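Quantities reported herein were computed from a predicted structural model and do not represent experimental measurements.
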Amino acid sequence: MEAGRFAAGSSRALRLDPFSLPVRFEAADEAADERRRVVDLHRERVVVRRSVRGMRMALNLPVAAFRGVAIRLTGAANEPPTAIAVVLEHGDPALSLPLFSSTTSDDIVAEWQSWGRVLGLPLLVAEQDGSLREPFARLGAVRIEAPAGRRRRRGVVARRRPSFLVRRRAGVPPATPTLHRGEREIIARS
């Protein structure tokens, strides 16, 4: 599927799906001819095709070359933000790629986390001055969190009857017990 087109009969805004890669879409590019570039996004690499002053070029970048997946507030300077965007951030701002944009904040965190998980990149938050920071502490690729509390040994489950006793039926003594009187006991002796 090519992004930039609506599905037949759909009235919803177009969205790139992180779980159906590879995907091809068009993005704005101020330096390129026709002010656009075509992006092929795969799990391991990104191919950016554009034309500058009539010269066509294709940049083939590994996904690991990108800094991470960031959330940015977009809008005009000195005005409140008009939209929230999820962006694949590169060290060179001209190579950063928009992945998702919305005027409401309903799905933005889910999209942000999905793109970070699928691409294997850290999650970033863009500050007002343009700098990027990680919202969660990490040690290498592992996220560091407060330790979880210990499980209590004598909880509600511990007081329940064991499952093998639930399957067994309790014995019912006969109404008249069998008595053996006057019989000789047989004992096996060697």
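In plain terms, the two heavy atoms of E111 and P18 that are nearest each other are OE1-CD, 4.3 Å. Between R35 and E30, the shortest heavy-atom distance links the atoms NH1-O, 2.5 Å. Here the closest non-hydrogen pair linking H90 and D92 is ND1-N, 3.0 Å.
The hydrophobic cluster containing L123 also contains L121, counting ILVMFWY residues as joined when their side-chain heavy atoms lie under 4.5 angstrom apart, directly or transitively. V23 and V39 fall within a single hydrophobic cluster, where Ile, Leu, Val, Met, Phe, Trp and Tyr are joined by side-chain heavy atoms under 4.5 Å apart, directly or via other members. Linking ILVMFWY side-chain heavy atoms closer than 4.5 Å, directly or via other members, places L95 and L124 in two distinct hydrophobic clusters. Transitive grouping of hydrophobic side chains (ILVMFWY, heavy atoms separated by less than 4.5 Å) brings V118 and V109 into a common cluster. L132 and V125 sit in two unconnected hydrophobic clusters of ILVMFWY residues. Membership requires side-chain heavy atoms under 4.5 Å apart, directly or through other members.
Note that the OG atom of S96 and the CG atom of L88 stand 7.5 Å from one another [nearest 0.5 Å]. One distance of note links OG of S114 with CG of L99; it measures 11.5 Å at 0.5 Å rounding.
Judged as a ring-ring contact (aromatic ring centres under 6.0 Å, His included), not a single pair has a partner in residues 108-130 (not counting sequence neighbours).
Side-chain contact check for D29 versus R36: every heavy-atom pair is 4.5 Å or farther apart. Side-chain contact between L16 and L41: absent, with no pair of heavy atoms (C-beta onward) separated by less than 4.5 Å.
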Which pairs of donor and acceptor atoms, one on a side chain in residues 54-72, lie under 3.5 Å apart (sequence neighbours left out)?
from	atom 1	to	atom 2	distance (Å)
R72	NE	E89	OE2	2.6
R72	NH2	E89	OE2	3.3

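Taking Ile, Leu, Val, Met, Phe, Trp and Tyr as hydrophobic and joining them when side-chain heavy atoms fall under 4.5 Å apart, one finds V172 isolated, its cluster having no other members.
Every residue was checked against the side-chain hydrogen bond (donor to acceptor under 3.5 Å, both in side chains) condition with E44, not counting sequence neighbours, and none meets it. Evaluation of the salt bridge (charged side-chain N to carboxylate O under 4.0 Å, His left out) rule for R43 yields no partner, not counting sequence neighbours. D40 is linked by a side-chain contact (heavy atoms from CB on, under 4.5 Å) to R24, H42, V47, R49, counting only residues two or more places apart in sequence or in another chain.
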